[in-house]
Amino acid sequence: MSLEAEIYEAAGKEFNIGSPKQLGVVLFEDLKIDEKPKKTKSGQYSTNEETLQKYADHPIVGKLLDYRQISKLKSTYVDSLPDLVNKRDDRIHTTYMQAVAATGRLSSQNPNLQNIPIRTERGRAVRKAFIPTDGDHIILAADYSQIELRIMAELSGDKGMLDAFEAGEDIHAATAARVFGVKPEDVSREMRSKAKVVNFGIIYGISAFGLSQRIGVPRHEAAELIENYFEQYPDVKAYMDKSIDGAREKGYVDTVMQRRRYLPDINSKNGTVRGFAERNAINAPIQGSAADMIKMAMIQIGKAMDDAGLKSKMILQVHDELVFDAVKEELEPLKEMVEKLMRNAMPSLNVPIKVDMDTGENWLEAH
DNA sequence: CGTGTCACG
DNA sequence: ACGTACGTGACACGT
């Protein structure tokens, strides 16, 4: 039986599975899988993945999640990308926008090639379709390792975090050891996993509530983790406070290359509005400086490839990653050039920058 | 054209 | 008491 038919059977009727509105009615009024359903801002029933996961024991839920994943991949990638292949050169071309993202990142549209799937098995099948020109070429992917955390270490000058990077430590494990107060060798997978969420959260301007939601612990425990984090990395805390104070005084924050993000709401009397601006004040210099760095690298790499007369092409940028359609014979010099120029894109940093590279017969393999 | 959802870093 | 992690783009639905 088709997934679609199985869902209708479990629902007891046919309906448009692609309509969140209809699906909400089926789940919460017909099947009554919850007495107090979560609602969206506009008052509809929430049916997103996070919400559905809570009802994983109900037979319809797994089918719905499967259906959702498959229809997403089909409509956005499988059905759409073939229509965008250029007749002249048989390739897909994106348009990079340089003045859309408030932080200075590029964005990619028509089609967006910065959100090609990689996280699920079905999604990875899509990424496999991105292949080199021919048998004389190979895909080279080079990405910055933990670039935003390294930039946070740089901008804050936090000794503990800088030391961890200089020692080549696994930063999430090192953070886990610190915030949970255990020896590095006693860090469990779960501790590392939580510390990873905390590290990301810090960059985004975390709240105890947000952290507790994401790692599934009571809010007071989340608050304790954050407190421990700032005790362990005190200069990170000082840097975040300084970012917000600077924004209040100047009305903007800026990146290492002086790109500004104006934050008119930073002094708002509305706590929610002000909170957003404060998180932007923390995040924008970090995300934006990473964007500056890869742009500097791209300029230098483009020039160096040109000067060296290489025929390989730089074909994609995905925020912390560059992808090349590399002539196999040029691979070694190209790799050396890319690694060096990405690593040294911005001179005079204190934090070491790490670049991971790999090659493959398709974009997936190059990871 | 707004909403909800979900693909990526 | 309230809302609650940053940045994007594309798709389907429903008005």
Side-chain angles (χ1 to χ4, degrees), chain A residues 15-24 38-52 64-65 67-81 84 94-97 99-120 122-124 126-127 143-149 152 197-215 219 222-223 226 240 243 253 261 270-288 290-291 294 316-322 363 367:
Chain A
F15 65 103
N16 187 342
I17 309 168
S19 163
K21 193 170 175 185
Q22 293 184 37
L23 178 60
K38 195 180 159 227
K39 301 273 187 83
T40 66
K41 275 180 184 156
S42 69
Q44 278 192 57
Y45 297 118
S46 290
T47 69
N48 62 22
E49 181 175 356
E50 188 194 341
T51 305
L52 293 185
L64 283 172
L65 292 173
Y67 181 93
R68 277 259 176 85
Q69 184 189 75
I70 291 165
S71 34
K72 181 77 170 189
L73 295 174
K74 184 170 187 292
S75 66
T76 308
Y77 306 101
V78 179
D79 290 343
S80 306
L81 291 178
L84 294 167
T94 186
T95 299
Y96 281 110
M97 305 300 289
V100 170
T103 53
R105 276 187 170 186
L106 300 184
S107 76
S108 160
Q109 59 178 231
N110 189 29
N112 182 358
L113 295 185
Q114 291 181 321
N115 73 345
I116 298 303
I118 194 169
R119 291 174 190 168
T120 68
R122 290 186 184 108
R124 285 193 278 275
V126 172
R127 188 168 284 235
D143 64 277
Y144 283 116
S145 164
Q146 309 293 358
I147 188 61
E148 293 193 349
L149 283 172
M152 190 169 72
V197 177
V198 178
N199 271 328
F200 276 108
I202 292 290
I203 291 170
Y204 298 150
I206 205 165
S207 71
F209 176 88
L211 181 62
S212 71
Q213 295 294 300
R214 277 174 181 73
I215 62 178
R219 191 162 54 180
I226 294 171
M240 288 171 50
S243 289
V253 290
R261 178 167 184 175
N270 180 321
T272 305
V273 170
R274 188 176 64 248
F276 267 104
E278 288 173 354
R279 292 194 294 276
N280 289 156
I282 291 165
N283 176 262
I286 298 171
Q287 188 180 120
I294 195 166
L316 289 173
Q317 188 255 43
V318 192
H319 309 306
D320 63 357
E321 172 187 16
L322 297 176
W363 191 7
H367 259 97

Using only side-chain N and O atoms of [X], determine if any of them is under 4.0 Å from OP1 or OP2 of [N].
X	N	result
A:Arg119	B:dG9	yes
A:Arg68	B:dC6	yes
A:Thr272	C:dC2	no

Under the side chain to side chain donor-acceptor pair (under 3.5 Å) test, which residues partner [X], sequence neighbours left out?
X	result
A:Arg127	none
A:Asp79	A:Lys74
A:Asn16	none
A:Ser243	none

Salt bridge (charged side-chain N to carboxylate O under 4.0 Å, His left out) involving [X] - partner list, sequence neighbours excluded:
X	result
A:Glu321	none
A:Arg274	A:Glu278
A:Lys38	none

Go through residues 204-215 of chain A and report each residue with a non-hydrogen atom lying under 4.0 Å from DNA chain B, sorted by number. none
For [X] and [N], what is the distance between atoms [atom1] and [atom2] respectively, to the nearest whole Å?
X	N	atom1	atom2	answer
A:Gln44	C:dG14	CD	C1'	9 Å
A:Leu149	B:dG9	CG	C1'	13 Å
A:Phe15	C:dG14	CZ	C1'	16 Å
A:Asp79	B:dA7	CG	C1'	15 Å
A:Ile17	B:dT5	CD1	C1'	15 Å
A:Leu113	B:dA7	CG	P	17 Å
A:Trp363	B:dA7	CH2	P	16 Å
A:Asn48	B:dT3	CG	C1'	13 Å

Residues that A:Arg219 engages under side chain to side chain contact (heavy atoms under 4.5 Å, CB included), provided they are two or more places apart: A:Ala208, A:Phe209, A:Ser212
Can you name the side chain to side chain contact (heavy atoms under 4.5 Å, CB included) partners of A:Val197, sequence neighbours left out? A:Leu211, A:Arg214, A:Ile215
Just to be sure I understand the rule, does [X] reach a base, reach only the sugar-phosphate, or reach nothing, if contact means heavy atoms closer than 4.0 Å?
X	value
A:Val197	base
A:Glu148	nothing
A:Ile118	sugar-phosphate
A:Ser71	nothing
A:Ile116	sugar-phosphate

When the P atoms of B:dC6 and C:dA1 are compared, how many Å lie between them, rounded to an integer? 33 Å
Could you tell me how far B:dT5 sits from C:dC2 if I compare only their P atoms? Round to whole Å. 23 Å
Would you indicate whether the side-chain heavy atoms of [Y] and [X] approach each other to under 4.5 Å?
X	Y	result
A:Asn112	A:Thr94	no
A:Leu84	A:Asn110	yes
A:Asn199	A:Gln146	no

Using Watson-Crick and G-U wobble pairs with both distances under 3.5 Å, what is the 5'-to-3' dot-bracket string of DNA chain C, with [ ] for crossing pairs and | for pairs outside the strand? .....|||||||||.
Sequence-aligned protein contact record of nucleotides 7-13 of chain C, with B where the base is within under 4.0 Å of a protein heavy atom and S where only the sugar-phosphate is: BSSBSSS
What's the spacing between A:Ile294 CD1 and A:Arg105 CZ if we round to 0.5 Å? 9.5 Å
Which of the following nucleotides, B:dT3, B:dC6, C:dT4, is nearest to the side chain of A:Arg279? C:dT4
